[in-house]
Amino acid sequence: MTIAATLVHLATVALVVGSILAIKTWSGKYWWGWPLGIFGLLLALAVRPQVWGVLRKPRGLDESCLTRDRAPALFGLLDRCAAQLKAPAPDYVLVDARFNASTRDIGLRRKKLLTLGVPLWSILTGPQRVALLGHEMGHQVNRDVTHGLWAMMARRSLVEWVKMFNPRESGFERFTRRRRERSDFIQALASLLTPLFIFLVCGPIFLVALGCYFWLTRLDLRCGQRAEHLADELGARLGSSAAATSLAERLALAESVDYFLRRLKSERFKEDPWPRLRDYIDSIPDHELRRRLLLDEQRGTRIDATHPANYLRRRLLAARPQLPAAVEVDDAEWTAIDAELRQYYAMAAHSLIGTPLNAAKRAAAKRVAA
């Protein structure tokens, strides 16, 4: 994957070098040396890797994310998990309203950002949460984030290549061509031959760039699925194989979580929804859970295209040697962590079902105190 992305970046470098050589060697002999070199440099500028857009630190990150001084209990657990896996500990933790979790690098200094979705986090047991943290830190151990960043910049460059050499006419170009066709014979003939000329010149480059884009995307998806299996293995090492397997089973309940939250929204529920969501998920009988897992297998459900099917993740975890938990967290520590996340629980409830922020914060405070 890294080699393929590097070849794409080298094509941009070769374009810059070739344009400079064209200016130096041909500008004195041929009139078209300078125009050809300038065109190549402008093209290289257009298809260059968008480094700043990728490395730029999001605005307001310090205000919207948890840091060590604002969540010492949570970062204490993260430090223990990172020490077990020999992984870099997260610098920021972002809590949002998605049924997911993720990790990525941000800013020029490549700070580690861990994102936790409240709907997923709230239905997990303690060992399952540890396995989830181990899975996300496993991506940092395997350097999946770095490889994915390099490949993403290569795909963006290929997208610009495709846009630059796309021979299809825009709506404005079709409009102007039809107006020229109503003019004299020469302009009408030129309007008919121009699309053919553009296709003959730009078509081969467009097809090569489009093929490289689909090939790199498919390769990235295959590598991403392999990375998810490796991260599952590290999650099992941290939270136990049983916890990692049950975590994968909880991922199959995304539709149930979405249904329950939509029902609370239709009921105009004004209290803290997360204990009720947890009770609803825990109340699902075993035979119904087996039915949903079977349905999940038949559908091949996955979180997104970069992840393998959920049932394949469960099957591989069951086939691997069963590991005990390397990090254990008691109830008092989870209570302290929930207290630090109380504000973000309320914000997620407000975002998903419209719970008033003040009412959600008071309900979450009562739950943590209890």
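Numbers here simply count residues along the sequence, with the first being 1.
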Distance check, rounded to the nearest 0.5 Å: [X] atom [atom1] versus [Y] atom [atom2]?
X    : Y    : atom1 : atom2 : answer
R314 : L317 : CZ    : CG    : 10.0 Å
S19  : L42  : OG    : CG    : 9.0 Å
E160 : L45  : CD    : CG    : 10.5 Å
L261 : R276 : CG    : CZ    : 11.0 Å

Next item on the list: Answer yes or no: is there a side-chain heavy-atom contact under 4.5 Å between Y259 and Y280?
Entry: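 Yes - at least one pair of side-chain heavy atoms lies under 4.5 Å apart.
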Checklist line | Within-4.5 Å side-chain heavy-atom neighbours: E233 and L316 | finding: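 The answer is no, as the side chains (C-beta and beyond) never meet within the 4.5 Å cut-off.
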Lys/Arg-Asp/Glu bridge criterion (N-O < 4.0 Å) met for [X], [Y]:
X    : Y    : value
R129 : D338 : yes
D286 : R290 : no
R237 : D232 : no
K112 : D105 : yes
E333 : R80  : yes

Next item on the list: List in chain and number order the residues that pass side chain to side chain donor-acceptor pair (under 3.5 Å) with E328, two or more places apart in sequence or in another chain; answer none if no residue qualifies.
Entry: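 Residues passing side chain to side chain donor-acceptor pair (under 3.5 Å) with E328: none at all.
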Checklist line | With sequence neighbours excluded, residues passing side chain to side chain donor-acceptor pair (under 3.5 Å) with R291 | finding: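 Per chain and number, R291 pairs via side chain to side chain donor-acceptor pair (under 3.5 Å) with E288.
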Check: Can you list the residues that meet the ring-ring contact (aromatic ring centres under 6.0 Å, His included) rule with F269, with sequence neighbours excluded?
Finding: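 For F269, no residue satisfies ring-ring contact (aromatic ring centres under 6.0 Å, His included) once neighbours in sequence are set aside.
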Note to self: For residues 32-41, which residue pairs pass the salt bridge (Lys or Arg N to Asp or Glu O under 4.0 Å) check, not counting sequence neighbours?
What the structure shows: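 Residue pairs with at least one partner in residues 32-41: there are none.
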Checklist line | Those residues that, when tested against D91, pass salt bridge (Lys or Arg N to Asp or Glu O under 4.0 Å) (two or more places apart) | finding: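 Once residues adjacent in sequence are excluded, D91 has no partner under the salt bridge (Lys or Arg N to Asp or Glu O under 4.0 Å) criterion.
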Notebook entry, point to check: By salt bridge (Lys or Arg N to Asp or Glu O under 4.0 Å), which residues pair with E340, not counting sequence neighbours?
Noted result: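 Salt bridge (Lys or Arg N to Asp or Glu O under 4.0 Å) list for E340, sorted by chain: empty.
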Checklist line | T103 and its side chain to side chain donor-acceptor pair (under 3.5 Å) partner, picked from H139, Q140, E136 | finding: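 Among the candidates, only Q140 passes.
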